[in-house]
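Side-chain atoms are counted along with the backbone in the values below, which use heavy atoms only and exclude waters and symmetry mates. Just so you know, these numbers come straight off a predicted model, no measurement behind them.
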Amino acid sequence: CRNAGMDAAQGEYICFVDADDYIEADTCQKAYAKIKESQAPVLSFNVLEILPHGLKKGIFFGGNVEKDIVWKGMESKFFDNRFACWHLLICHDYLNYHHFYFSSDRYYGEELLFMLPLLLSAPKIKLLPDCFYRYCRNNTSLIAKDMSARLQLLKTVSELKHFLLSKKEYSALLSGFDNWCCKFAVYAYNDLSENVIQRHMLCKGLRQLLSDKTYKLFQKQTTKDSL
């Protein structure tokens, strides 16, 4: 659907909003003014998660201060951020020039496959601390109900690691990437609490993809969470 939306879009910039979420009425106006002023191809803002028990501010590559950044200035902290395509305003021409599209064969982890090349290729990224996006936690969504989708994590991790290894300049990101993979894997593992077979398949695949150090950390964290 997002790919179809990008192909159909005729505007100068693109912003993704999921059907069960919403943005503030003046989000596009404010974000547009900032990205035009910056001349960055990508702008990122923060997210307010709407949970059953209240609100939670999410730092989605927006930070706490308005500024322009490049990824080379934050290698050690790059993967400390949370990633989702719906906290971005992106130049349409930039997407078309680099042929950035979402993977059509999965819906778990596909956003990072889209975002990582996008953010790493950008000459600069405009960060806004504003929480423009309202993410409504939905336990009835497709991804929430389809537990088997968690196994798509294995293919995603493999492709992302291959991408980071494709250029020497990305090697500085690998340590942070391993730690991010561990967190993502623990999340997926916990989601599969009622399916022992799928948990086994996930662990088997991760054992081949993660470093010994990272896999041991994954085992330690999942054992701790199950106690």
Side-chain angles (χ1 to χ4, degrees), residues 1-2 5-6 9 11-92 94-95 100 102 107-139 141 143-144 156 160 173 176-177 179-184 186-187:
C1 291
R2 289 172 181 153
M6 286 193 291
E12 187 179 1
Y13 293 91
I14 286 180
C15 181
F16 299 100
V17 183
D18 284 359
D20 52 354
D21 300 331
Y22 64 96
I23 57 176
E24 293 296 289
D26 57 356
T27 292
C28 292
Q29 179 183 356
K30 289 182 177 179
Y32 177 79
K34 292 294 184 180
I35 199 171
K36 292 295 286 186
E37 176 187 316
S38 169
Q39 292 298 302
V42 183
L43 177 144
S44 177
F45 42 80
N46 282 321
V47 174
L48 200 62
E49 295 185 69
I50 301 177
L51 308 172
H53 56 273
L55 302 178
K56 176 183 177 183
K57 181 180 179 181
I59 305 297
F60 282 75
F61 221 88
N64 294 308
V65 181
E66 179 180 335
K67 59 182 176 180
D68 290 346
I69 66 160
V70 292
W71 72 266
K72 288 186 178 180
M74 55 180 298
E75 292 96 336
S76 62
K77 296 182 179 180
F78 186 85
F79 282 101
D80 289 349
N81 293 279
R82 297 176 67 182
F83 297 90
C85 67
W86 27 255
H87 59 86
L88 302 176
L89 185 67
I90 312 167
C91 176
H92 197 176
Y94 191 76
L95 286 174
F100 290 129
F102 291 90
Y107 50 90
Y108 192 78
E110 85 290 353
E111 289 179 76
L112 193 57
L113 284 171
F114 171 82
M115 286 187 61
L116 191 58
L118 171 70
L119 295 176
L120 294 182
S121 68
K124 63 177 176 179
I125 304 162
K126 180 68 176 182
L127 301 187
L128 292 181
D130 307 73
C131 291
F132 285 144
Y133 196 92
R134 299 295 186 265
Y135 172 59
C136 303
R137 180 81 58 182
N138 184 0
N139 293 328
S141 66
I143 190 63
T156 297
L160 287 172
L173 297 170
F177 175 70
N179 291 332
W180 175 87
C181 286
C182 183
K183 294 177 184 177
F184 203 168
V186 169
Y187 179 78

**Asked** Roughly how far, to the nearest 0.5 Å, is CG of Asp68 from CD of Gln39?
**Response** 10.5 Å
**Fill in**
Interatomic distance, OG@Ser38 vs CG@Leu127, rounded to 0.5 Å, equals 9.5 Å
**Request:** Determine the minimum heavy-atom distance between Lys124 and Val70, stating which atoms define it.
**Result:** CA-CG1, 3.9 Å
**Message:** So, taking the atom named OG in Ser44 and the one named CG in Leu128, what distance separates them when rounded to the nearest 0.5 Å?
**Reply:** 8.0 Å
**Asked** Does a side-chain heavy-atom distance below 4.5 Å link Arg2 with Asp18?
**Response** yes
**Request:** Hey, can you tell me if Trp86 and Tyr135 have their rings parallel, tilted or perpendicular (30° and 60° cut-offs)?
**Result:** parallel
**Request:** Kindly say whether Cys85 contributes a backbone atom to a donor-acceptor pair with the side chain of Glu111 at under 3.5 angstrom?
**Result:** yes
**Request:** Can you see which heavy atom on Phe16 is nearest to which on Ile90, and at what distance?
**Result:** CE1-CD1, 4.1 Å
**Asked** After noting the C-alpha distance and the side-chain angles of Phe184 and Leu112, does the key distance pass the side chain to side chain contact (heavy atoms under 4.5 Å, CB included) rule?
**Response** CA-CA 11 Å; Phe184 203 168; Leu112 193 57; 5.6 Å; no
**Prompt:** When rounded to the nearest 0.5 angstrom, what distance separates CD1 in Ile35 from CD1 in Ile125?
**Reply:** 10.5 Å
**Asked** Between the main-chain N or O of Ala122 and the side-chain N or O of Tyr94, is there a donor-acceptor pair closer than 3.5 Å?
**Response** yes
**Whether Phe114 and Phe102 hold their rings parallel, tilted or perpendicular, with breakpoints at 30° and 60°** = parallel
**Message:** Using only atom types and a distance under 3.5 Å, with no angle test, would you say the side chain of His92 pairs donor to acceptor with the backbone of Ile14?
**Reply:** no
**Request:** Might you work through the side chain to side chain contact (heavy atoms under 4.5 Å, CB included) test for Phe132 and Leu89, ending with a clear yes or no?
**Result:** CA-CA 11 Å; Phe132 285 144; Leu89 185 67; over 6 Å; no
**Prompt:** Going through the checks in order, is the side chain to side chain contact (heavy atoms under 4.5 Å, CB included) test met by Leu119 and Phe78?
**Reply:** CA-CA 10 Å; Leu119 295 176; Phe78 186 85; 4.2 Å; yes
**Request:** With rounding to the nearest 0.5 Å, note down the distance linking CD in Glu66 to CG in Leu43.
**Result:** 8.5 Å
**Request:** Over all heavy atoms of both residues, which pair between Asp130 and Phe45 is shortest? Give the atoms and the distance, please.
**Result:** O-CB, 3.5 Å
**Prompt:** What distance separates Ile23 CD1 from Cys131 SG, expressed to the nearest 0.5 Å?
**Reply:** 14.0 Å
**side chain to side chain donor-acceptor pair (under 3.5 Å) partners for Tyr187, two or more places apart** = none
**Item:** Which atom of Ile69 lies closest to which atom of Met74, heavy atoms considered
**Value:** CD1-SD, 3.3 Å
**Request:** Tell me, with the steps shown, if Phe79 and Leu173 meet side chain to side chain contact (heavy atoms under 4.5 Å, CB included).
**Result:** CA-CA 8 Å; Phe79 282 101; Leu173 297 170; 4.1 Å; yes
**Message:** Testing the basics here: between Phe100 and Ser121, what is the closest heavy-atom pair and its distance to 0.1 Å?
**Reply:** CZ-OG, 3.4 Å
